[in-house]
Amino acid sequence: MLAGIAAVCGYLLGSVPWGLVLTRMAGLGDIREIGSGNIGATNVLRTGHKFLALLTLVLDASKGAVAALIFMQFRLLVAGAFKYSSMASILSILASPVIAMWFGGGNQPVAIMAAGLAVLSIIRHKDNIRRLFKGEESRIGQKKAEKKAESEDTPPSS
């Protein structure tokens with residue numbers, strides 16, 4: 001469910017047409033009717049507004065960085081919700097081919113590479129996966145809590 005939410009957020013973030021938004025806010029009309037008809041920074045520059053073109057470039061480029069930050073936070077959310085660091089890693093790596101496809105604008109070679117890396121990572125985590133299914137995987141903070149409980153049960157030495 002969290003992967004789906006992250007994917008939807010990433011899709012929505014990537015779909016903001018900053019060139020169109022900024023030129024309309026500046027009262028320049030529809031950028032799609034100027035120059036090449038594209039909504040990118042180069043076409044915004046054709047309007048003669050260098051600052052808007054630069055702002056469009058920065059905002060469009062930041063979509064990828066923001067999406068990457070959201071994706072990194074996804075791993076932390078899974079770890080926080082389920083208290084399994086290994087589950088967070090596994091779910092993140094399983095989501096990576098889909099996210100690579102969406103954020104990469106349908107770039108299949110990148111998605112295929114991400115899928116290959118996901119397979120290798122799943123193979124590497126096979127012991128963790130086995131322990132998760134058996135209910136034997138340690139949770140985040142579990143060892144510290146167990147050590148604390150053991151030290152409280154042991155009488156102090158004299």
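This is a predicted model, so every value here is computed, not measured.
A search for side-chain contact (heavy atoms from CB on, under 4.5 Å) contacts involving R24 returns L20, D30, R32, not counting sequence neighbours.
Each of W18 and L57 belongs to its own hydrophobic cluster when Ile, Leu, Val, Met, Phe, Trp and Tyr are linked at side-chain heavy-atom distances under 4.5 angstrom. Residues I34 and V21 share a hydrophobic cluster, clusters being chains of Ile/Leu/Val/Met/Phe/Trp/Tyr side chains in contact below 4.5 Å. Hydrophobic clustering, with ILVMFWY side chains joined whenever heavy atoms are under 4.5 angstrom apart, keeps I123 apart from M113. Linking Ile, Leu, Val, Met, Phe, Trp and Tyr whenever their side-chain heavy atoms come within less than 4.5 Å puts I31 and M25 in one cluster. Under the 4.5 Å side-chain heavy-atom criterion for grouping Ile, Leu, Val, Met, Phe, Trp and Tyr, L45 is not connected to F51 through any hydrophobic cluster.
Taking CD1 from I112 and CG from L117, the interatomic distance works out to 12.0 Å, rounded to the nearest 0.5 Å. Atom-to-atom distance recorded for L52:CG and L22:CG is 6.0 Å, nearest 0.5 angstrom.
With a 4.5 Å cut-off on side-chain heavy atoms, T42 and R46 count as touching.
Within the 3.5 Å criterion, the main-chain N or O of N43 finds no donor-acceptor partner in the side chain of N38.
Taking each heavy atom of A41 and A53 in turn, the nearest pair found is CB-O, 3.4 Å.
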